[in-house]
There are 2 protein chains.
Amino acid sequence: MIPNETKKKKLSSNMEDYLETIYILDQKRETVRIKDISALMDVKKSSVNNAINVLSERELVRHEKYGYVVLTLEGRQLSKAIKKRHDLLVRFLGGILGVDEQTAVEDACRMEHVISSVTNDRLRKFIEFVDTCPTGEKPEWLNSLTYYIEKGKRPKTCTKKIKRK
Amino acid sequence: MIPNETKKKKLSSNMEDYLETIYILDQKRETVRIKDISALMDVKKSSVNNAINVLSERELVRHEKYGYVVLTLEGRQLSKAIKKRHDLLVRFLGGILGVDEQTAVEDACRMEHVISSVTNDRLRKFIEFVDTCPTGEKPEWLNSLTYYIEKGKRPKTCTKKIKRK
DNA sequence: TCTCCATGTTAGAGTACTCTAACATGTTTG
DNA sequence: CAAACATGTTAGAGTACTCTAACATGGAGA
């Protein structure tokens, strides 16, 4: 049995980055140009060109010579998913672990390419769990966690009943 | 001003992987051979050879032709740190998010190369926070989280006092 | 000792990017 | 309309890995 050839190889991290950038640009302007991608990612236009050729072959974008870059349906779905993963990670790192904004974004940019769908799903649920806290606010344990991260020890309200061997 | 040249370039993910593998092997046997690394990482010996040359130039390992691979002090410290990062991630993914063992290990193997020291530190504190729970057991909120992840809803004891607009 | 075999090394090709530099195209403007 | 400028493309080199295949080394047994 030959493995199903409709199953496409996973995109490389770099190509995912290009795709995500195209998605971001697409969301905030009418047209996306090679030049825009180049500027946002801080790579040369020739590198973008190379990437666009790869993404075109995968049918994730369409691009006519000297023209705009346009996401295909598949490309849009995929890039949107990558962007969601990114945002999720930023929220987790920033909102729960209290990592500073810049570091959270930088880490998310790298982590978004390597986490499995299972981990992604669990992180999403974790954040949902925090967001849907019955009190409608930050749950008490999370306040304690923040305190612990900042001070290195538990708040007084969270230290009683210690029973360790 | 020329940037301080004692500052060494960051190791690539691949080289970190090689170094971590050497550390793991070093921990459980007297000597480390090219062949062992090759087997554990599932790459060809020639690739290991190439990696060892790079790590030797960086003074992270010592290796005489046809001999053993030995970690230098610096190599030991660095590889130990990488391994710790790995273990931390496995504990977080497995122990808190409830990701299955195999996926947790796979994800950790990729994530360990991309998280910043800040995120690493926060994750460590998060786990510490859970481990030092005053009751000496899994904190109640974590039980609720596990329930939420499994069932998609909060346990009864965790749903009262909802006040959302 | 000598031969065999496990192990290690080298050479050379392939992949997936990066860049610079030269050149092509298309748009704007004088 | 044509020159000037912005933008895009191509060619070719460089990096950091991967592999296969051929060859070298060294230790253990006949």
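Scope of the values below: all heavy atoms of this structure, side chains included, with no hydrogens, waters or symmetry mates. Proteins get letters first, then strands, A, B, ... in listed order; numbering begins at 1 in each.
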Chemist: Contact class for A:Ser46 vs. all strands (heavy atom < 4.0 Å): base, sugar-phosphate, or nothing?
Modeler: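 Since a base atom lies under 4.0 Å of A:Ser46, the category is base.
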Chemist: Taking only side-chain nitrogens and oxygens of B:Asn14, does any of them come within less than 4.0 Å of OP1 or OP2 of D:dC17?
Modeler: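 Yes, because at least one side-chain N or O of B:Asn14 sits under 4.0 Å from OP1 or OP2 of D:dC17.
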Chemist: Rounded to the nearest Å, what distance is computed from the OH atom of residue A:Tyr68 to the P atom of nucleotide C:dT27?
Modeler: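 It is 8 Å, rounded to the nearest whole Å.
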Chemist: Distance check needed: D:dC17 P versus B:Ile52 CD1, whole Å only.
Modeler: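 B:Ile52 atom CD1 is separated from D:dC17 atom P by 13 Å.
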Chemist: What contact category does A:Val54 fall into here, base, sugar-phosphate, or nothing, at under 4.0 angstrom with non-hydrogen atoms?
Modeler: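 The answer is nothing, as A:Val54 stays clear of every strand by at least 4.0 Å.
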Chemist: Starting the side chain at C-beta, find the nucleotide from D:dT18, C:dG8, C:dT18 nearest to B:Ile34.
Modeler: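 Ranking D:dT18, C:dG8, C:dT18 by closest atom to the B:Ile34 side chain puts C:dG8 first.
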Chemist: Once the angle between the rings of B:Phe126 and B:Phe92 is folded into 0 to 90°, is it parallel (under 30°), tilted (30 to 60°) or perpendicular (over 60°)?
Modeler: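 B:Phe126 and B:Phe92: tilted rings.
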Chemist: By the 4.0 Å heavy-atom rule, please label A:Lys44 as base, sugar-phosphate, or nothing.
Modeler: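 The residue A:Lys44 makes base contact.
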Chemist: Specify the closest pair of heavy atoms between A:Leu93 and A:Asp107, including all atoms of both residues, with the distance to one decimal.
Modeler: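 Scanning both residues, the minimum pair turns out to be CD1-CB, 3.7 Å.
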Chemist: Quick check on C:dT9: is either OP1 or OP2 less than 4.0 Å from any side-chain nitrogen or oxygen of B:Asn49?
Modeler: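 Indeed, a polar side-chain atom of B:Asn49 lies that close.
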Chemist: Send over the distance from A:Asn53 CG to C:dC17 P, rounded to a whole Å.
Modeler: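 It works out to 12 Å between those atoms.
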Chemist: May I have the distance from B:Met15 (atom CE) to D:dT18 (atom C1'), rounded to whole angstrom?
Modeler: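 Distance check: B:Met15 CE to D:dT18 C1' gives 11 Å.
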Chemist: Considering every strand and a 4.0 Å limit on heavy-atom distances, what is the contact class for B:Lys35: base, sugar-phosphate, or nothing?
Modeler: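 B:Lys35: backbone/sugar contact only, no base atoms under 4.0 Å.
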Chemist: To the nearest angstrom, how far is A:Asp36 atom CG from D:dA6 atom C1'?
Modeler: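 It is 12 Å, rounded to the nearest whole Å.
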Chemist: Which part of the nucleic acid does A:Tyr18 contact within heavy-atom distance under 4.0 Å: base, sugar-phosphate only, or nothing?
Modeler: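 Here A:Tyr18 touches the backbone only, sparing every base.
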Chemist: Whether A:Asp121 and A:Arg124 form a salt bridge (side-chain N of Lys/Arg under 4.0 Å from carboxylate O of Asp/Glu) is what I want to check.
Modeler: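 A salt bridge is present here (some side-chain N lies under 4.0 Å from a carboxylate O).
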Chemist: Measuring from the side chain of B:Tyr66 (C-beta onward, heavy atoms only), which nucleotide among D:dC17, C:dA24, D:dT25 has the closest atom?
Modeler: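 Taking heavy atoms from C-beta onward, the closest nucleotide is D:dT25.
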Chemist: Could you check if a side-chain atom of A:Lys83 sits within less than 4.5 angstrom of a side-chain atom of A:Asp87, using non-hydrogen atoms only?
Modeler: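 A side-chain contact exists here, since the closest heavy-atom pair is under 4.5 Å.
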Chemist: Between A:Ser47 and B:Lys65, which residue's closest nucleotide on DNA chain C lies nearer the 5′ terminus?
Modeler: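 On the 5' side of the pair lies B:Lys65.
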Chemist: Does A:Asp131 pair with A:Arg91 as a salt bridge, N-O distance under 4.0 Å?
Modeler: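 Salt bridge flag = yes for A:Arg91 with A:Asp131.
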Chemist: Of the listed nucleotides (D:dT7, C:dC19, C:dT9), which one gets closest to any side-chain atom of B:Lys45?
Modeler: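 So the side chain of B:Lys45 is nearest to C:dT9.
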Chemist: In whole Å, I'd like the distance from the CD atom of B:Glu64 to the C1' atom of C:dT9.
Modeler: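 The answer, rounded to whole Å, is 15 Å.
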Chemist: Could you tell me the separation between the CG atom of A:Asn50 and the P atom of D:dA13, rounded to a whole number of Å?
Modeler: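 For the pair A:Asn50 CG and D:dA13 P, the rounded distance is 17 Å.
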Chemist: What is the distance, rounded to the nearest whole Å, between atom CG of A:Asp17 and atom P of C:dA16?
Modeler: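 Rounded to the whole Å, the gap is 17 Å.
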Chemist: For D:dT9, take OP1 and OP2 only and decide whether either is under 4.0 Å from a side-chain N or O of A:His63.
Modeler: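 Result: yes.
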